[in-house]
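This structure is a prediction, so every number in the text was calculated from the model and none was measured.
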Amino acid sequence: YTDSESVTTNITYTKLTNEDKDVEVKLNGNKVLGIEVDGKPVPSGSYGVDGNVIIIKGTYLDTLTKGDHYAAVSYKPMGEEYVAAAGNDEPKETNFNISVKVAQLKVEDFVYTAPTDLVYDGTGKFAEVISKATGIGDITVTYYNADGKQVLEPTTVGTYTVKVNVTEGSNYAAVSNMEVGTFAITPKTITITGVEATDRLYDGSAVVAITGGTLEGIVGKDNVTAKVPGTGVAADANVATSIEVTLSEITLEGKDAYNYKLTQPTGITVDITPATLSVSVENVTINKGQAIPELTVNVTGFAKGESTAIE
């Protein structure tokens with residue numbers, strides 16, 4: 001008889017593909033007796049023979065570890081059991097190498113869940129990243145701000161990119177800086193109390209002085225102050241009580257101000273009371289018997305541009 005001959009000398013398999021691999025040989029009338037990989041028998045159900053092709057099933061290849069493996073195929077000479085006896089040559093094996101590679105992770109292999117509370121509160125916000133794949137290495141989650149700088153704890157207002165680093169596992173290769181999601185921390189809404197308009201006397205103007213202002217809701221020792229306008233405008237310049245006052249926007253200042261959004265105050269009112277006028281009469285000198293002349297009366301305290309006749 002003629003020994004079988006190798007045709008395919010190398011096959012490559014990627015983990016988890018479950019792809020069957022063909023190994024071509026020249027049987028020369030012989031039949032496959034068995035296959036060993038790294039000296040261990042391959043179960044009979046893990047391969048098949050179709051003509052001169054040995055089919056190694058992907059389900060078996062998936063059990064092999066990453067790296068190179070040596071396979072040996074033994075044969076029945078002319079389909080008969082070999083009998084060791086004088087003059088009987090033992091049929092030669094054919095060989096091939098199996099190179100097993102780990103699979104590559106994809107974004108779809110992870111389940112990403114953003115933090116639930118994304119309003120700024122001074123604490124770190126952390127996403128949850130879980131792998132759907134089996135046989136991967138250790139997962140490390142990292143965070144990057146809008147400037148592309150890595151941050152240990154996403155705390156302040158802004159958009160953050162979530163990435164994973166994964167060490168190599170039994171089925172998957174290592175990955176670095178794979179982006180799996182994003183989230184944004186939004187400003188905390190705060191209020192301001194104690195903003196008041198100063199009551200005053202009528203002066204013909206609608207401009208009134210504004211004082212006070214205490215921020216409520218600042219986190220910890222954050223550096224935030226309010227810039228309150230010094231004046232406001234009354235809805236009516238005339239004498240009245242509880243006149244509505246409007247003022248320009250109160251803004252936030254300080255290095256941590258960007259973490260907050262201010263609700264502008266409402267219900268600011270002012271009382272305008274009547275102005276006090278001063279009346280004086282100019283002195284005149286008359287002789288005895290003379291008629292009293294018309295007197296000159298001076299009135300002061302009018303608002304600019306305003307006056308009235310005195311009778």
Side-chain angles (χ1 to χ4, degrees), residues 105-133 136-167 172 174-197 208-233 235 244-270:
L105 286 166
K106 305 181 295 295
V107 173
E108 294 77 14
D109 293 320
F110 297 92
V111 177
Y112 167 77
T113 305
T116 54
D117 182 7
L118 288 172
V119 177
Y120 171 77
D121 60 7
T123 64
K125 311 292 184 181
F126 300 99
E128 182 181 57
V129 181
I130 300 174
S131 171
K132 295 187 290 186
I136 73 169
D138 296 328
I139 301 174
T140 302
V141 181
T142 56
Y143 303 90
Y144 293 82
N145 63 19
D147 295 327
K149 295 181 179 179
Q150 185 175 349
V151 295
L152 295 179
E153 293 189 8
T155 303
T156 57
V157 167
T159 299
Y160 295 89
T161 300
V162 184
K163 299 182 179 182
V164 293
N165 296 309
V166 185
T167 59
Y172 287 95
V175 295
S176 297
N177 293 327
M178 176 182 283
E179 182 177 334
V180 293
T182 61
F183 65 86
I185 299 176
T186 57
K188 179 183 180 182
T189 300
I190 59 174
T191 58
I192 187 168
T193 60
V195 178
E196 297 179 346
V208 295
I210 301 295
T211 61
T214 301
L215 292 174
E216 303 286 346
I218 299 299
V219 175
K221 296 182 179 179
D222 278 1
N223 182 357
V224 185
T225 57
K227 185 178 182 180
V228 181
T231 59
V233 179
E244 183 179 352
V245 175
T246 58
L247 60 156
S248 56
E249 183 181 6
I250 299 174
T251 58
L252 298 176
E253 297 182 330
K255 69 179 183 66
D256 299 313
Y258 70 100
N259 290 311
Y260 298 92
K261 179 175 66 176
L262 179 65
T263 299
Q264 297 295 313
T266 58
I268 301 172
T269 61
V270 70

Donor-acceptor list for residues 177-189 side chains, cut-off 3.5 Å, not counting sequence neighbours:
residue: Asn177; atom: OD1; partner: Tyr144; partner atom: OH; Å: 3.3
residue: Thr186; atom: OG1; partner: Leu118; partner atom: O; Å: 3.3
residue: Lys188; atom: NZ; partner: Gly217; partner atom: O; Å: 2.7

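Considering every non-hydrogen atom in both Ile192 and Ala226, the closest pair reads CD1-CB, 3.8 Å.
Side chain of Tyr143 to backbone of Ala127: a donor-acceptor contact under 3.5 angstrom is found. In this structure, Lys132 contributes its side chain and Val111 its backbone to no donor-acceptor pair below 3.5 Å. No side-chain donor-acceptor contact under 3.5 Å links Gln264 to the backbone of Glu249.
With sequence neighbours excluded, the residues forming a side chain to side chain donor-acceptor pair (under 3.5 Å) with Tyr160 are Thr156, listed by chain and number. Remark: Ser131 pairs with Phe110, Ala133, Ile136, Ile139 by the side chain to side chain contact (heavy atoms under 4.5 Å, CB included) rule, at least two apart or across chains. Listed by chain and number, the residues in a side chain to side chain contact (heavy atoms under 4.5 Å, CB included) with Ala257 are Val224, Leu252 (sequence neighbours excluded). With sequence neighbours excluded, the residues forming a side chain to side chain contact (heavy atoms under 4.5 Å, CB included) with Asp121 are Asp117, Thr123, Lys125, listed by chain and number.
For the atom pair CG (Asn259) and OG1 (Thr155), the distance works out to 9.0 Å, reported to the nearest 0.5 Å. Atoms CD1 and NZ, from Ile250 and Lys227 in turn, are 12.0 Å apart once rounded to the nearest 0.5 Å. Residue Asp138 holds its CG atom at 11.5 Å from CG of Asn165, rounded to the nearest 0.5 Å.
Applying the side chain to side chain donor-acceptor pair (under 3.5 Å) definition to pairs two or more places apart or across chains, those involving residues 208-226 are Tyr120-Asp222, Thr193-Glu216, Asp222-Tyr260.
Proximity of Phe126 to Pro154: side-chain heavy atoms (C-beta onward) are separated by under 4.5 Å at one or more points.
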